[in-house]
K.L.:
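One structure is given below, represented as structure tokens, and several questions about it will come after.
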Amino acid sequence: MASYYFLLFVLLAATELSEAGAKKKLSSDFYSSSCPELLPIVQKGVIKAIKNESRVGASLLRLHFHDCFVNGCDASILLDDTSSFIGEKTAAPNNNSARGFNVIDDIKAKVEKACSGVVSCADILALAARDSVAYLGGPSWKVGLGRRDSTTASRADANNSIPAPVLNLTALKTSFANQGLSVKDLVALSGGHTIGLARCITFRGHIYNDTDINASFAQSLQSKCPRSGNDDLLEPLDLQTPTHFDNLYFKNLLDKKGLLHSDQELFNGGSTDKLVKKYATDTDAFFKAFAKGMVKMSKIKPLTGSQGQIRINCRKVN
Ligand code: HEM
Ligand SMILES: *[C@@H]1O[C@H](CO)[C@@H](O)[C@H](O)[C@H]1NC(C)=O
Ligand SMILES: *[C@@H]1O[C@H](CO)[C@@H](O)[C@H](O)[C@H]1NC(C)=O
Ligand SMILES: *[C@@H]1O[C@H](CO)[C@@H](O)[C@H](O)[C@H]1NC(C)=O
Ligand SMILES: *[C@@H]1O[C@H](CO)[C@@H](O)[C@H](O)[C@H]1NC(C)=O
Ligand SMILES: *[C@@H]1O[C@H](CO)[C@@H](O)[C@H](O)[C@H]1NC(C)=O
Ligand SMILES: *[C@@H]1O[C@H](CO)[C@@H](O)[C@H](O)[C@H]1NC(C)=O
């Protein structure tokens, strides 16, 4: 009997060890010998794409967020739907909304030319998000590398795990907590809305039904986003500087000029008011917390070691 339990113990310990062996930590020099040109290739690709279209930096940041919140940062969002495969691109939060895929394709093609079959799409996405924020005037940070790409995707998980703009503060906190992210991360990372645009369909409820909104701001939005129709009309998430990464998003929240219901929830008499005030007055504190939050977010459940694969084409499994 005792030897049976001992054997069981040895087996369990061995399993844990081999799993630990497959799970490697991300490191910023992961490709330093296998693909030394990686970082400049990604950065050049991002800058070229933003010079062509200023919004796309925001789109790349959001792609990384929507990748990481659905079973980890594994490039699952990049997989195309086919007749036999349903992916995340057409999930409710992404359909007609997630963009920037061509930029990742262009960068991936250049990376493949320089070092074939070595660099994951998930790592390229993490780097592109960082380079976008830095180029638009925001903070920079070291990106841990060594993620691998998924061979699967889940539309249901994308529907359920990506927070919706109708959520209240409690639900937003829960959504982030489910990913191991704190309330501070929630507030700081929401500051990603200092860049980019949102469609009428995503803020209609806020401008017609909510009271925590400046009346003249609501009125001016109502004149462009009617009660029905014009669903795809775009408005900046940060009304002054949607292509500059700054702290005006938080200043706008103090004035009840958040565009989304979820934005204004962060400053609506609740526990996060203090942090919003802090970031509205202290850009440096915001940038530090944003960078820290991004590093945490980009480490959500990565595939490492021999898990997953290095996709050759980010849109399909090898
Ligand atoms: C806290 C919960 C969040 C909610 C409810 C939310 C919701 C939304 C919605 C509804 C849009 C507009 C989509 C459209 O109209 O197609 C949007 C855009 C955007 N979001 Fe979020 N978001 C959240 C957090 C984040 C985070 C954590 C980041 C990044 C760190 C982020 C970055 C962006 C960016 C950059 C855009 C603009 C994208 C573009 O212009 O292409 N968001 N978000
Ligand atoms: C430039 O941006 C437009 C959208 O404004 C996009 O359709 C086009 O593919 C982009 N071109 C390049 C080379 O990235
Ligand atoms: C995605 O959007 C397209 C175009 O609006 C629509 O035809 C399609 O039904 C949508 N897909 C899903 C899964 O909702
Ligand atoms: C996800 O949301 C889309 C769009 O609302 C819907 O058509 C689809 O049935 C949902 N899919 C799953 C698997 O939950
Ligand atoms: C927040 O939303 C959840 C889910 O919709 C709801 O159950 C809860 O009562 C709401 N909380 C507050 C404080 O409004
Ligand atoms: C606004 O409130 C009305 C009445 O409660 C409701 O019928 C409608 O669906 C809400 N609109 C949005 C976009 O949430
Ligand atoms: C709402 O915004 C307008 C325009 O910026 C401003 O003049 C007005 O004072 C604001 N209203 C309130 C109640 O703060």
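Excluded from the calculations below are hydrogen atoms, water molecules and symmetry mates; all remaining heavy atoms, backbone and side chain alike, are included. In listed order, ligands and their atoms are each counted from 1. The structure presented is a predicted model; accordingly, all values stated were derived computationally and were not measured.
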K.L.:
Do Arg155 and Asp81 sit within salt-bridge range, that is, some charged N less than 4.0 Å from a carboxylate O?
P.N.:
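Looking at Asp81 together with Arg155, the answer is yes, because their closest N to O distance falls below 4.0 Å.
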K.L.:
So that I know where these two stand, are Phe286 and Phe245 an aromatic pair - ring centroids less than 6.0 Å apart?
P.N.:
yes
K.L.:
May I ask you to check whether Tyr208 and Phe203 place their ring centers less than 6.0 Å from one another?
P.N.:
no
K.L.:
Closer than 4.0 Å to some heavy atom of Gly205 - which atoms of ligand 6 meet that?
P.N.:
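Counting from 1, the qualifying ligand atoms are 12 (C), 13 (C), 14 (O).
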K.L.:
Salt-bridge test for Arg204 and Asp231: reply yes if a basic N is under 4.0 Å from a carboxylate O, no otherwise.
P.N.:
yes
K.L.:
For Asp212, is there an ion pair with Lys256 - N to carboxylate O distance below 4.0 angstrom?
P.N.:
no
K.L.:
Show me which atoms of ligand 7 lie under 4.0 Å from any heavy atom of Asn214.
P.N.:
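Close to Asn214: 1 (C), 2 (O), 3 (C), 8 (C), 10 (C), 11 (N), 12 (C), 14 (O).
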K.L.:
For the CD1 atom on Ile86, are there more than 12 heavy atoms of other groups (residues, nucleotides or ligands in this structure) within a distance under 6.0 Å?
P.N.:
no
K.L.:
Hydrophobic clustering (ILVMFWY, side-chain heavy atoms < 4.5 Å, transitive) - are Leu303 and Phe65 grouped together?
P.N.:
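Different hydrophobic clusters.
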K.L.:
With atoms numbered from 1 as shown, which atoms in ligand 7 lie under 4.0 angstrom from a non-hydrogen atom of Ser216?
P.N.:
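Result: 1 (C), 2 (O), 3 (C), 4 (C).
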K.L.:
Counting neighbours of NZ on Lys296 that are heavy atoms of other residues, nucleotides or ligands and sit closer than 6.0 Å, is the number greater than 12?
P.N.:
yes
K.L.:
When you compare ligand 6 with Arg204, is there at least one nitrogen or oxygen pair between them that comes in under 3.5 angstrom?
P.N.:
no
K.L.:
Less than 4.0 Å is my threshold; does some heavy atom of Lys256 fall inside it relative to ligand 7?
P.N.:
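Lys256: no contact with ligand 7 (<4.0 Å).
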K.L.:
Mind jotting down which protein residues get a heavy-atom contact under 4.0 Å with ligand 4? Chain and number order, please.
P.N.:
Ala92, Arg155, Ala156, Asn159
